[in-house]
Amino acid sequence: MSLSLRQLEIFEKIASTGSVTRAGEALLLTQSAVSMALSQLEQLSTVPLFERSGRRLLLNDAGRLLLKDAREILLAVKQLEQQLQGDNGELVGELLVGGSTTIANYLLPSLLGAFARQYPHTRVQLTVGNTQQMADLLATGQLDIAFVEGPCHNRDLVALHWRDDELVVVAGAEHPWAKEKSVTPEQLATAPWIMREKGSGTREIFEYSMDRAGVGYMIALEFGHTEAIKNGVASGLGVSCLSRIAVDRELEYGRLVEVATPLLLSRSLTLLKRRNSHCTALLDAFLKVSGGVWEA
């Protein structure tokens, strides 16, 4: 029995998800096919690669050693595939793109659609999470590029300006702030804030802006999704600070009201890449569609 790329791909997905079932769902394979591939791989290694903890699979030291090499091999193969072109000269291959929540929900879908129409023989897989999660995935080779709205603190990555954005403080239509239209630092300090979780770019910019203005704040609720925050604010649970692109529709229809503050809330949306990484033909085509640049 010889080692195959498919076995490595299945192994990497099991390691990432911790589950045979979820790995099969991600790869569109049956659970039995994934289990068989893992069994064959562990026969080749002569030792188990995972510890079984209930239904969850946890990498052991042998598995972690293999995972590092497996990801490097899969990345190299993917880069070779991306450089290939079909007989008619059209680009082919798969691109792994990450997007922090606001960007992935409100900006990337239209760009992915435009790219798919222009390059129908390519495939883009979009992964969504907060800025910190996207940076971690990119640094470990699980993404080709990432678009994020928060600062990047990973020295292995390079952040390049992509677009400008603005955060706005919003309240529900029935909130007292909706009539005032502007608030003082004292009001900001005593308000119950509904914000994203730690690691979110929007949360980090908000906290930085409040700290820079010397204003204390109380996070009353944390939600993992912008839509949940907007619904909470509209229901009167508190106020929030969100990207203007995320609340444009709610502001237009009066469900939310923008409140003027003394805070400075402009920011740069950035494209992240690994330091010294190569821009393939497929990546270059995607950047042209998205308006991104590979070099500063």
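Owing to the predicted nature of the structure, the values given are computational and were not obtained by experimental measurement.
- Contact check for Thr30 versus Ser35: no side-chain heavy atoms found under the 4.5 Å cut-off.
- Side-chain N or O atoms of Ser243 include one that pairs as donor or acceptor with a backbone N or O of Ile245 at under 3.5 Å.
- Screening residues 115-141 for salt bridge (charged side-chain N to carboxylate O under 4.0 Å, His left out), with sequence neighbours left out, gives Glu94-Arg123.
- No more than 12 heavy atoms of other residues, nucleotides or ligands sit less than 6.0 Å from atom CG of Asn276.
- Taking CG of Leu188 as the start and CE of Met210 as the end, the distance is 5.0 Å to the nearest 0.5 Å.
- Without hydrogens or angle criteria, Ser110 side chain to Leu107 main chain gives a donor-acceptor distance under 3.5 Å.
- The structure places CD1 of Ile194 at 6.5 Å from OG of Ser240, a figure rounded to the nearest 0.5 Å.
- Applying the side-chain hydrogen bond (donor to acceptor under 3.5 Å, both in side chains) criterion to Arg249, with sequence neighbours excluded, gives no partner residue.
- Residues Val34 and Thr21 form no side-chain contact, since every pair of their non-hydrogen atoms from C-beta on lies 4.5 Å or further apart.
- Cluster note: Leu75 groups with no other residue, as no ILVMFWY side-chain heavy atom lies under 4.5 Å from it.
- You'll find the side chain of Thr102 reaches within 4.5 Å of the side chain of Thr226, heavy atoms only.
- Here the CG atom belonging to Leu66 is positioned 6.5 Å from the CG atom belonging to Leu8, to the nearest 0.5 angstrom.
- Nearest heavy atom pair, residue Ala159 against residue Leu272, reads CB-CD2, 3.6 Å.
- Looking only at atom types and distance, the side chain of Ser266 has no donor-acceptor partner in the side chain of Glu166 under 3.5 Å away.
- Using modelled atom types, one finds a donor on one side chain and an acceptor on the other under 3.5 Å when comparing Arg71 with Ser16.
- Nearest heavy atoms, Val239 versus Ala191: CG2-CB, 3.9 Å.
- With a 4.5 Å cut-off on side-chain heavy atoms, Gln125 and Val97 do not count as touching.
- A 6.0 Å sphere centred on CZ of Arg275 holds more than 12 heavy atoms belonging to other residues, nucleotides or ligands.
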Next item on the list: Could you please spell out the steps behind the salt bridge (charged side-chain N to carboxylate O under 4.0 Å, His left out) verdict for Arg212 and Glu207?
Entry: CA-CA 8 Å; Arg212 185 171 55 177; Glu207 292 183 337; over 6 Å; no
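- Residue pairs meeting the salt bridge (charged side-chain N to carboxylate O under 4.0 Å, His left out) criterion with at least one partner in residues 260-269, sequence neighbours excluded, are Asp165-Arg267.
- Contact record, Leu49 with Asn60: O-OD1, 3.0 Å, taken as the closest heavy-atom pair.
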Enumerate donor-acceptor pairs with a distance under 3.5 Å from any side-chain N or O in residues 172-181 to protein atoms, sequence neighbours excluded.
unit_1 : atom_1 : unit_2 : atom_2 : d
His175 : ND1    : Trp177 : N      : 3.0
Glu180 : OE1    : Gln187 : NE2    : 2.9

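- In this structure, the side-chain hydrogen bond (donor to acceptor under 3.5 Å, both in side chains) partners of Asp284, at least two apart in sequence or on a different chain, are Lys288.
- Phe147 and Val289 end up in the same hydrophobic cluster when Ile, Leu, Val, Met, Phe, Trp and Tyr side chains are linked at under 4.5 Å.
- Pairs of residues two or more places apart, or lying in two chains, that qualify as salt bridge (charged side-chain N to carboxylate O under 4.0 Å, His left out) and include a residue from residues 216-228 are Arg203-Glu222, Glu227-Lys230.
- Residue pairs meeting the ring-ring contact (aromatic ring centres under 6.0 Å, His included) criterion with at least one member in residues 228-255: none, sequence neighbours excluded.
- Judged by distance alone, with hydrogens and angles left aside, the side-chain atoms of Glu72 form no donor-acceptor pair with the main-chain N or O of Asp69 at under 3.5 Å.
- Checking side-chain atoms of Ser39 against main-chain N and O of Met36 turns up no donor-acceptor pair under 3.5 Å.
- At least one donor-acceptor pair closer than 3.5 Å links the side chain of Ser45 to the backbone N or O of Glu42.
- Here the shortest heavy-atom pairing between Pro48 and Ala62 reads O-CB, 4.0 Å.
- Within the 3.5 Å criterion, the main-chain N or O of Glu186 finds a donor-acceptor partner in the side chain of Thr190.
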Next item on the list: Decide yes or no on salt bridge (charged side-chain N to carboxylate O under 4.0 Å, His left out) for Glu252 and Arg244, but give the supporting numbers first.
Entry: CA-CA 11 Å; Glu252 180 182 354; Arg244 183 177 294 280; over 6 Å; no
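- Atom-to-atom distance recorded for Arg6:CZ and Ile10:CD1 is 5.5 Å, nearest 0.5 angstrom.
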Checklist line | Worked check of salt bridge (charged side-chain N to carboxylate O under 4.0 Å, His left out) between Glu25 and Arg22 | finding: CA-CA 5 Å; Glu25 291 171 350; Arg22 288 198 292 272; over 6 Å; no
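- With no hydrogens or angles considered, no side-chain donor-acceptor pair links Ser268 and Thr270 at under 3.5 Å.
- Ser200 places none of its side-chain heavy atoms less than 4.5 Å from the side chain of Ser100.
- Nearest heavy atom pair, residue Leu263 against residue Ser209, reads CD2-O, 3.8 Å.
- Between the Thr17 side chain and the Lys13 main chain, a donor and an acceptor come within less than 3.5 Å of each other.
- Not counting sequence neighbours, the partners of Asp156 by the side-chain contact (heavy atoms from CB on, under 4.5 Å) test are Asn154.
- Between Glu204 and the options Arg196, Gln132, His153, a side chain to side chain donor-acceptor pair (under 3.5 Å) holds for only His153.
- Of the inter-residue distances, the one linking Met134 atom CE with Leu138 atom CG reads 9.5 Å to the nearest 0.5 angstrom.
- Sorted by first and then second residue, the ring-ring contact (aromatic ring centres under 6.0 Å, His included) pairs involving residues 215-252 (not counting sequence neighbours) are Phe206-Tyr217.
- In this structure, Tyr106 is not a member of the same hydrophobic cluster as Leu242, with clusters built from ILVMFWY side-chain heavy atoms closer than 4.5 Å.
- Screening residues 7-45 for ring-ring contact (aromatic ring centres under 6.0 Å, His included), with sequence neighbours left out, gives Phe11-Phe50.
- A chain of hydrophobic side-chain contacts below 4.5 Å, direct or via other Ile, Leu, Val, Met, Phe, Trp or Tyr residues, connects Val169 to Ile205.
- To the nearest 0.5 Å, atoms CG (Leu143) and CG (Leu96) are separated by 6.5 Å.
- Relative ring orientation between Phe286 and Phe115 is described as perpendicular, the plane-to-plane angle rising above 60° on a 0-90° scale split at 30° and 60°.
- By the criterion of side-chain heavy atoms lying less than 4.5 angstrom apart, applied directly or through intervening Ile, Leu, Val, Met, Phe, Trp or Tyr residues, Leu265 is not grouped with Trp162; the two fall into different hydrophobic clusters.
- Judged as a salt bridge (charged side-chain N to carboxylate O under 4.0 Å, His left out), not a single pair has a partner in residues 55-64 (not counting sequence neighbours).
- By the criterion of side-chain heavy atoms lying less than 4.5 angstrom apart, applied directly or through intervening Ile, Leu, Val, Met, Phe, Trp or Tyr residues, Leu108 is grouped together with Leu283 in one hydrophobic cluster.
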Next item on the list: Starting from the C-alpha separation in whole Å, work towards a yes-or-no answer on salt bridge (charged side-chain N to carboxylate O under 4.0 Å, His left out) for Glu12 and Lys68.
Entry: CA-CA 9 Å; Glu12 194 281 332; Lys68 179 179 181 296; over 6 Å; no
